[in-house]
Amino acid sequence: MFKHIGATVVVLCLASSVALSQGAKLSDPQIAHIAYTAGEIDIKAAKQALDKSSNKEVKEFAQGMVRDHEAVNKQALALVKKLHVTPEDNDTSRALSKQASEKLNELGKLKGADFDKAYIANEVAYHKTVNGALETQLIPSASNPELKELLQTGLKLFQGHEQHAEHVAADLK
Amino acid sequence: MLSGRLALLSFVMLAAVSVPAHAATIRITIDKLTFSPASVSAEVGDTVEWVNKDALAHTATARNGDFDVTLPPSKTVSSVLRKAGTVDYYCRYHPNMRATLTIAP
Ligand SMILES: [Cu+2]
């Protein structure tokens, strides 16, 4: 998944450099959509883990993901409403969603400790990828200062989740 | 009767000695996943008022195990400092949130 999304980010970079040369960039409605989608994906993955795992630490981690991403997405929705921005679906959101549903299928076939390890490894990789996209693409492209600020808080949150996932991964070994 | 009063008096005096007269309340705010101030000096017996301004749940967890306070979203929680020491603490949910409390005896 990491490699897949890595490829997406590269494609996105290429696409945006093309777009930039035409005087355009990733728009706020597109950025909002990508950020919201990234949260939704992690909530779905966590709900699968709550369904399948019986490991206490993994379940607690997954509960934290649902709690945090639901809270942030709620803030994001309130912000786009306030700013009269309608999140706009785009190639990056679509690629993220497609890869996420493939990952859900893949993880769905695993059980027990195999599932736990694969879920947490994917959480580390996924948060790394989203952090990279936030830092290099979404935050620099955002025009609205409030949206930029929410993305910056989102980055700190995702970085925290990445570290948390790394701790859980180390405990699972 | 007299000895009873003496005992009571000495109990009151003991109590007065063991509770620091100047126990203070220290406010530590959590905003956008940041503890602030990041470094705080306090004394044993002081109360920390943890003001969580985030819509996210956090914890203030001492690395040495001296305290572990749960901080619900948009709530203020108080805890009393019981042990002296320089304590690095972090959030268990977001381990990139880190800060230090220096607690004098
Ligand atoms: Cu936290």
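Just so it is clear, the structure is predicted and the values come from calculations on it, not from any experiment. Note on naming: letters A, B, ... go to the chains in the order of the sequence lines (proteins, then strands), and numbering restarts at 1 for each one.
Here the shortest heavy-atom pairing between B:Tyr93 and A:His161 reads O-CD2, 4.2 Å. Across all non-hydrogen atoms, the minimal contact from A:Ala71 to B:Ala55 is CB-O, 3.5 Å. Across A:Gly160 and B:Pro95, no two heavy atoms sit closer than the pair O-CD, 3.2 Å.
Both B:Val69 and B:Ile28 are assigned to one and the same hydrophobic cluster, defined by single-linkage of ILVMFWY side chains at heavy-atom distances under 4.5 Å. No path of Ile, Leu, Val, Met, Phe, Trp and Tyr side chains, each step under 4.5 Å between heavy atoms, connects A:Val124 with A:Met65, placing them in separate hydrophobic clusters. Hydrophobic clustering of Ile, Leu, Val, Met, Phe, Trp and Tyr side chains at less than 4.5 Å, counting indirect connections, unites A:Ile41 with A:Ile31. Transitive grouping of hydrophobic side chains (ILVMFWY, heavy atoms separated by less than 4.5 Å) brings A:Leu110 and A:Ile120 into a common cluster.
Side-chain contact between B:Asn96 and A:Glu162: absent, with no pair of heavy atoms (C-beta onward) separated by less than 4.5 Å. Counting heavy atoms from C-beta outward, A:Gln152 and B:Lys32 have side chains that stay 4.5 Å or more apart. Between A:Asp68 and B:His94, the closest side-chain pair of non-hydrogen atoms falls below 4.5 Å.
A:Lys59 NZ: more than 12 foreign heavy atoms inside a 6.0 Å radius. Sparse packing is recorded around CZ of B:Arg27, with 12 or fewer heavy atoms of other residues, nucleotides or ligands lying under 6.0 Å away.
Contacts of A:Gln159 with chain B are made by both backbone and side-chain atoms, with heavy-atom separations under 4.5 Å.
The CG atom of B:Asp54 sits 9.5 Å away from the NZ atom of A:Lys156 when rounded to the nearest 0.5 Å.
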